[in-house]
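This report refers to the structure that appears directly beneath it.
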Amino acid sequence: MIGISRYIVIVFSLCSTFCIGQNRTTQMDRFISKLLNQMTLEEKLGQMNLSSGSLGAVLGGGESASEAIRNGKIGATGGFSYGAVKKIQDAAQESRLKIPVLIGMDVIHGYKTIFPIPLGLSCCWDLDLIEQSAHIAATEASAAGVCWTYSPMVDISRDPRWGRVSEGSGEDPWWAAQVAKAMVRGYQGDDLTKNNTIMACVKHIALYGAGEAGRDYNTVDMSHLSMFNDYFPSYKAAFDAGAGSGMSSFNLIDGIPATGSEWMMTEVLRNRWGFKGFVVTDYTSIPEMTNHGLGDLKTVSALALNAGIDMDMQGNGFIGTLKESLVEGKITMAQIDQACRRILEAKYKLGLFDDPYRYLNPERWKNEILTKEHLDFARSIATRSMVLLKNEKNTLPLQKKGKIAVIGPFAEAKADMLGAWVLIRDTKPVSSVVEGIQQVGGENVEVVTAKGANITDDSYLKKSLNSPFAAFMGVKMEEESRTPEEMIEEALRVSADADVIVVVLGESSAMSGEASSRAEIDIPQSQRDLLKALVNTKKTIVLVLVNGRPLTLNWEAENVPSILEVWAPGTEAGNAIADVLFGDYNPSGKLTMTFPMSVGQIPLYYNHKNTGRPFNEKNKFTTQYLDIPNEPLFPFGFGLSYTTFEYGPIALNKTELKGNDKLTATVTVANTGNVLGEEVVQLYIVDPVATISRPVKELKNFKKVKLQPGEKREIVFEVTTEDLKFYNSELIYDWEPGEFEVQIGTNSRDVNRTKFSWKK
């Protein structure tokens, strides 16, 4: 009876939830239909207009943002602080219909408590932590009145020259899809009307990370097979997780800018994937279609609406031209109503019609930002995002005694520790590397420091790093009056009697992120000269890398005994770096993007297709370079620990399967070292024979396990036919019977393997 009663309660609860959801949807439809009937054409077009009015006059005239909002000409805008957002909503309540404004912001890896850049976050291989980081970001941003974030960025990229790799989750479709779902859950929670949740905006739809030559905003040209198998899964996963909005990308899709692609925005996004939310353009991407050769502003604005775009970000195309296009019959009133409805639905789901000030609570603004809990979490996730690339002769962890010289342009840096896309760059709470080593090392550690080098002495790069935009973002490079030789001499003098030298090098925040592509992705020469001088002292060297992308590190990997990749770690940077350097936390991060030996290898990624002439060192006429190996410097999934792990052979529950059978793959992993450690156990599937050429291997699962010294544990994976599916040449998503191989290991290169077969 107890079991039956419990069953009845569960069914009743599910039915109640369904009914409540249905009732709210019905109420929403009625409310918005009534509102639409009251709206003028101009007011509808106003809702479809996102204007960053805070940056100046809107619509090319003298009308202020507040005036435009009161006149119903702005449906969404940006606001960074509590006070700014309140003024915006106050103006909306003075408009004729009192429609609240949607407040959007680039909350990418934190609002004021900043976490590691997304590429770094993805290297922690902990979806619960990633989700929690998004939840904290939503909590803080919503306390300021922000209710919509232009995140997550789920673009797959296989080219580290592209600056925005810092904003994504790397090269793998399966892993990026898992991260996308976690981020959406973290932002939106289970109820968007709660005042500590914000609406996610999935970007950039689609293929933005595949720009030619790694150059931002550049052309993209690829097959539909590559789109569906490699680039689309992360977008679809984010929408399947319930993301409320999406953002169109700048690039071409089948020769048409994404913002004007009906195939992408309607056929794929809405008809194939069933997306019901609204789509906003990226910044001015409608007028930019003119540069692509698609026509004048009126023509491309109509093209965007016909494609399925709902909101124009800063382009003034919808509000400025659609009325005339409607009269000319190039668009319909039904299309305008549909776009406006989708935007109003988002506001309704956020609870803004119930209370336009729902996200404006002065107590939350005072008490829920930069809390100790948030900072502690930022420190913890930063340590887990760091990747130990090399540790010769167990150079790390350091002992908490003696003299440590902390050298380099980022030794005392704070703003650059936050990384790209931090709009509120508050450096007061940021811990530098010097401060972190002093605090964590304790009283028995003496810390000395010197800058040693400029970030760069290259005149072309310096000009970019000192641009007005860099100054606006708070990351303008400080130039030294001293010569490079004088700076290196000081570093050598300061570190002369040090027991160990921690050299903190890499990229400034302005060297990665949007519009920050690099043709050469090595450490700038000024910094490498410093490192070479320090290596020549024959002292123990630890290289700490602060950067937003994979770098080419051949010389460093050959000559420096220990390399710790910390990315841009965020607010708790210095403390987190020191935790890892001293072994208070044993690094467990694994790369989610391949580190090439040379830019000449790019694009370089682990799950490539094979060729008819795979590399064979005994045969010149196979795919290879004359001057360097094909292999990367550090492969996907790579990362060391202060302990060692040993993998046993893979045991399968069966080697011949059929239909809906399930394959169980078990491997024993042992901690063979002397300290507690965490290992990311990775499972890959190989499909060697299919109707289309398949990747040489594909990540399909992982488990992160914590093991004491000497401890062994059986790690069990379940594989189903879902893990075998792919899009075939007819874009049908299915699996094909045949022989397969399962690989389990510590990274994509170092694996154990065994075979199995699966019949329909």
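- The shortest non-hydrogen separation linking A491 to I407 is CB-CG2, 3.7 Å.
- A donor-acceptor contact shorter than 3.5 Å links the side chain of T281 to the backbone of M313.
- Inspection of the E171 and T592 side chains reveals no N or O donor paired with an N or O acceptor under 3.5 Å.
- In the model, E572 has a side-chain atom that pairs as donor or acceptor with a side-chain atom of N575 under 3.5 Å.
- For the atom pair CG of D172 and CD of Q178, the computed distance is 9.0 Å after rounding to the nearest 0.5 Å.
- Contact annotation: the side chain of D376 never approaches that of R379 to less than 4.5 Å [non-hydrogen atoms, C-beta and beyond].
- A donor-acceptor pair under 3.5 Å is formed between the side chain of S385 and the backbone N or O of G120.
- For an aromatic pair to be called close, the ring centres must be under 6.0 Å apart, and F115 with F377 satisfies this.
- Classification of D458 and K462 as a salt-bridged pair fails, no side-chain N sitting under 4.0 Å from a carboxylate O.
- Residues H135 and R185 form no side-chain contact, since every pair of their non-hydrogen atoms from C-beta on lies 4.5 Å or further apart.
- Checked for salt-bridge contact, E556 and R528 meet the test: a charged N lies under 4.0 Å from a carboxylate O.
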Check the pair S562, L388 against side-chain contact (heavy atoms from CB on, under 4.5 Å), reporting the backbone distance first and the verdict last.
CA-CA 8 Å; S562 189; L388 185 62; 4.3 Å; yes

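- Contact annotation: the side chain of S526 never approaches that of I455 to less than 4.5 Å [non-hydrogen atoms, C-beta and beyond].
- Across all their heavy atoms, G75 and K347 have their closest contact at O-NZ, 2.8 Å.
- In terms of modelled atom types and a separation under 3.5 Å, the side chain of S512 and the main chain of S166 share no donor-acceptor contact.
- Within 6.0 Å of the CD atom in E480, the count of heavy atoms belonging to other residues, nucleotides or ligands exceeds 12.
- Between S509 and A415, the closest heavy-atom pair is OG-O, 3.5 Å.
- Aromatic ring pairs are classed by plane angle as parallel below 30°, tilted from 30° to 60° and perpendicular above 60°; the pair F278 and W148 is tilted.
- At least one donor-acceptor pair under 3.5 Å links the side chain of T371 to the backbone N or O of H374.
- Of the inter-residue distances, the one linking L545 atom CG with L543 atom CG reads 4.0 Å to the nearest 0.5 angstrom.
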side-chain contact (heavy atoms from CB on, under 4.5 Å) between L129 and R384, worked out
CA-CA 9 Å; L129 291 182; R384 285 155 176 79; 3.6 Å; yes

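- Electrostatic pairing of D106 and K203 counts as a salt bridge here, judged by a charged N lying under 4.0 Å from a carboxylate O.
- Here the closest heavy-atom approach between residue M593 and residue V165 is recorded as CE-CG1, 3.6 Å.
- Not one N or O on the side chain of S234 forms a donor-acceptor pair closer than 3.5 Å with the backbone of D155.
- A donor-acceptor pair shorter than 3.5 Å can be found between the side chains of D216 and W162.
- Annotation: side chain of P116 is in contact with side chain of I381 (closest heavy-atom distance under 4.5 Å).
- When side chains are defined from C-beta on, L423 counts as touching M105, because their heavy atoms get closer than 4.5 Å.
- The existence of a salt bridge linking E140 and K112 is excluded, since no basic side-chain nitrogen approaches an acidic carboxylate oxygen closer than 4.0 Å.
- I74 places none of its side-chain heavy atoms less than 4.5 Å from the side chain of I88.
- Remark: I501 CD1 to S495 OG distance equals 4.0 Å, nearest 0.5 Å.
- Looking only at side-chain heavy atoms (C-beta outward), P484 and N454 stay at 4.5 Å or farther from each other.
- For the pair R364 (side chain) and T139 (backbone), a donor-acceptor distance under 3.5 Å is present.
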How far apart are the C-alpha atoms of R164 and E514, what are their side-chain angles, what is the distance that settles it, and do they pass the salt bridge (Lys or Arg N to Asp or Glu O under 4.0 Å) test?
CA-CA 5 Å; R164 298 195 84 166; E514 186 170 0; 3.4 Å; yes

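- A salt bridge is defined here as a Lys NZ or Arg NE, NH1 or NH2 lying under 4.0 Å from an Asp or Glu carboxylate O, and R161 with E520 fails to meet this definition.
- Electrostatic pairing of R549 and E167 does not count as a salt bridge here, judged by no charged N lying under 4.0 Å from a carboxylate O.
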Checking salt bridge (Lys or Arg N to Asp or Glu O under 4.0 Å) for the pair R482/E490: CA distance, chi angles, key distance, verdict?
CA-CA 10 Å; R482 295 176 293 170; E490 180 195 31; 2.7 Å; yes

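- Closest approach of V546 and D416 over heavy atoms only: CG1-O, 4.2 Å.
- A donor-acceptor pair under 3.5 Å links the side-chain atoms of N49 to the main chain of K73, judged by distance alone.
- Interatomic distance, L375 CG to T113 OG1, rounded to the nearest 0.5 Å: 5.0 Å.
- Contact of the F250 side chain with the H204 side chain is not registered, since no non-hydrogen atoms from C-beta on lie closer than 4.5 Å.
- Using modelled atom types and a 3.5 Å distance limit, the side chains of N251 and S249 yield a donor-acceptor pair.
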I would like to know whether T197 and Y187 meet side chain to side chain donor-acceptor pair (under 3.5 Å); could you show each step before the answer?
CA-CA 6 Å; T197 63; Y187 288 135; over 6 Å; no

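- Here the closest heavy-atom approach between residue A137 and residue G110 is recorded as CB-CA, 3.8 Å.
- The closest side-chain donor-acceptor pair between S122 and S169, if any, does not fall under 3.5 angstrom.
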Under the side-chain contact (heavy atoms from CB on, under 4.5 Å) criterion, do V503 and V542 qualify, and how do the steps go?
CA-CA 6 Å; V503 194; V542 174; over 6 Å; no

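- D282 and Y217 share no side-chain donor-acceptor pair at under 3.5 Å.
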Let's go through D529 and Q525 carefully: what are the C-alpha distance in whole Å and the side-chain angles of both, what is the deciding distance for side chain to side chain donor-acceptor pair (under 3.5 Å) to 0.1 Å, and is it a yes or a no?
CA-CA 6 Å; D529 289 343; Q525 191 61 47; 2.7 Å; yes

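- Looking at E435 and S431, their side chains never bring a donor and an acceptor atom within 3.5 Å of each other.
- Look at R518 and E507 and you find a salt bridge, because one of the NZ, NE, NH1 or NH2 atoms lies within 4.0 Å of a carboxylate O, short of that distance.
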